[in-house]
Amino acid sequence: MKLARVGPRGAERPVLVADDALLDLTGITPDIDPDFLSGNGIDAVSEALRAGLLPALPGAADRRWGAPVARPGAIVCIGMNYAAHAAESGAEPPEHPVVFFKSPSALAGPDDDVPIPPGATKLDWEVELGIVIGRRAHLLDSPADSMAHVAGFVLADDLSERALQLEVSGGQWGKGKSAPGFGPLGPWLVTPDEIDHRDLRLCSRVNGEPRQDSSTKDMVFGVEYLVHDLSRYLALEPGDVVLTGTPEGVALSGRHPYLAPGDVVEVEIDGLGTARHTIVGGVA
Ligand code: ZN
C-alpha cells in the first residue's frame, strides 16, 4: 500500500494512493503520525480497503503532497553509506555506521520550494532511501528482527549546506542538514511488501541533467543491519525516519556546481515516486 498526506502545509489529510484515485483515510485516523503507526493503523487501512470502505477524495489532482509522516520524533541519518560516495567525499568506507541527526523541523513536502539559508553558497542534493519506523526498536537481538519494526519506506532528499556541515561544524554535521525545507520527504510511504528495498534504483537530476544513479544494493550497511545497529545506541520510536545515506554524484565531489535559486532538483527511487523541488532565495 501507498500512504500519503495531501493538502496545505499543516492541514494535510491522510490518504491511500490507489491506481487512479486518492482514498480518504480520515474515517480511520486524523493523520499518519506516530500514534497511527504504533496502533496498527496500517492493518486497519488494509482491512478497510479490502472491505471497500474507503471513499475517494475529490479534486485529488490539484492537491499538494505533504511529507507522508507527520511529526516524527527524530530524523536519524546515516553518512558515507555508499563506498563511491565516501570516496568522492575524500573518505574511506566506514567500519561502523556514521550517524548524525537532521532536525524534524526541516521536514517538507516532496515538491515544496527549498529556501536557501542566508549566506549559503554550497547547497547540495542527496537522494536517499528513508526507513519509517512502525514499532519501537531498542536493543534488537539481530538484524533478522529489524523488519518487524519497519512500517515502510519513503523517498527523501537529504539537502545539505556543505560550508555549514563541514567548515563551521566542529566535526558535527547537523548545522548543514537542518534548515527549514532541508528534508523533502515523499510523495508516499510504501509498505515493505510492495518493494524489494535491497535493490532499488535511486537517482537525482538538476534542471533535467543526471547527477546520481545507483542502487540500494551498493549500500555499505543495509536496512536490516542499520535498524539493528541503531537500536543498540538509541530507541527508535514509531514515526521516526532513518535516512540511509546517498550514492555518488553530489556537488561536493567537485564535478557539479552547487545549487542556486531557480534550480530544480528531482530525486527518484523505483516504486517510491519522484520529488521535484525548486531552490528559492529567502527564508521560510
Ligand atoms: Zn545524507
Side-chain angles (χ1 to χ4, degrees), residues 67 69 72 74-94 96-108 110 114 117 120 122-133 153-167 169 171-186 197 200-206 211-223 225-227 229-230 236 240-256 258-259 265-269 272 275 277 279:
V69 190
I75 302 177
V76 185
C77 303
I78 307 300
M80 308 288 183
N81 199 26
Y82 290 78
H85 172 63
E88 75 177 354
S89 306
E92 293 291 318
H96 306 283
V98 173
V99 176
F100 62 95
F101 289 84
K102 181 187 280 286
S103 171
S105 61
L107 209 64
V114 177
K122 294 185 175 177
L123 183 59
D124 208 343
W125 57 88
E126 293 192 347
V127 62
E128 304 202 10
L129 176 68
I131 305 166
V132 179
I133 299 299
F153 296 97
V154 289
L155 166 66
D157 187 358
D158 175 23
L159 282 153
S160 309
E161 213 291 335
R162 302 301 187 190
L164 303 182
Q165 178 192 343
L166 300 170
E167 295 168 21
S169 65
Q172 306 294 315
W173 295 351
K175 279 184 188 173
K177 297 282 190 172
S178 290
F182 273 25
L185 209 67
H197 62 270
L200 294 172
R201 184 181 177 217
L202 68 173
C203 58
S204 62
R205 295 177 288 276
V206 176
R211 291 291 186 264
Q212 299 170 283
D213 189 349
S214 188
S215 166
T216 57
K217 71 175 185 306
D218 294 332
M219 283 181 180
V220 178
F221 305 106
V223 167
Y225 186 98
L226 289 173
V227 171
D229 188 69
L230 287 169
L236 293 168
D240 286 358
V241 176
V242 179
L243 302 187
T244 57
T246 203
E248 66 164 332
V250 298
L252 180 64
S253 68
R255 289 184 285 128
H256 307 291
Y258 287 108
L259 296 168
V265 179
E266 292 169 286
V267 292
E268 189 175 318
I269 299 182
L272 297 182
H277 26 275
I279 310 304

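Here the structure is a predicted model, which is why all the values come from computation and not from measurement. Residues take their numbers from the sequence shown, with the count starting at 1. Order of appearance sets the numbers: ligands from 1, and atoms from 1 within every ligand.
The shortest side-chain heavy-atom distance between V265 and R205 does not fall under the 4.5 Å cut-off. Contact of the F221 side chain with the P94 side chain is registered, since non-hydrogen atoms from C-beta on lie closer than 4.5 Å.
K177 pairs by the salt bridge (Lys or Arg N to Asp or Glu O under 4.0 Å) definition with E126, D158, not counting sequence neighbours.
Here the N, O or S atom of D158 that is nearest to the Zn ion (ligand 1) is OD2. As for E126, its N/O/S atom nearest the Zn ion (ligand 1) is the one called OE1. Looking at E128, its N, O or S atom nearest to the Zn ion (ligand 1) turns out to be OE2.
Note that OG1 of T246 is 5.0 Å distant from CD of E128, once rounded to the nearest 0.5 Å.
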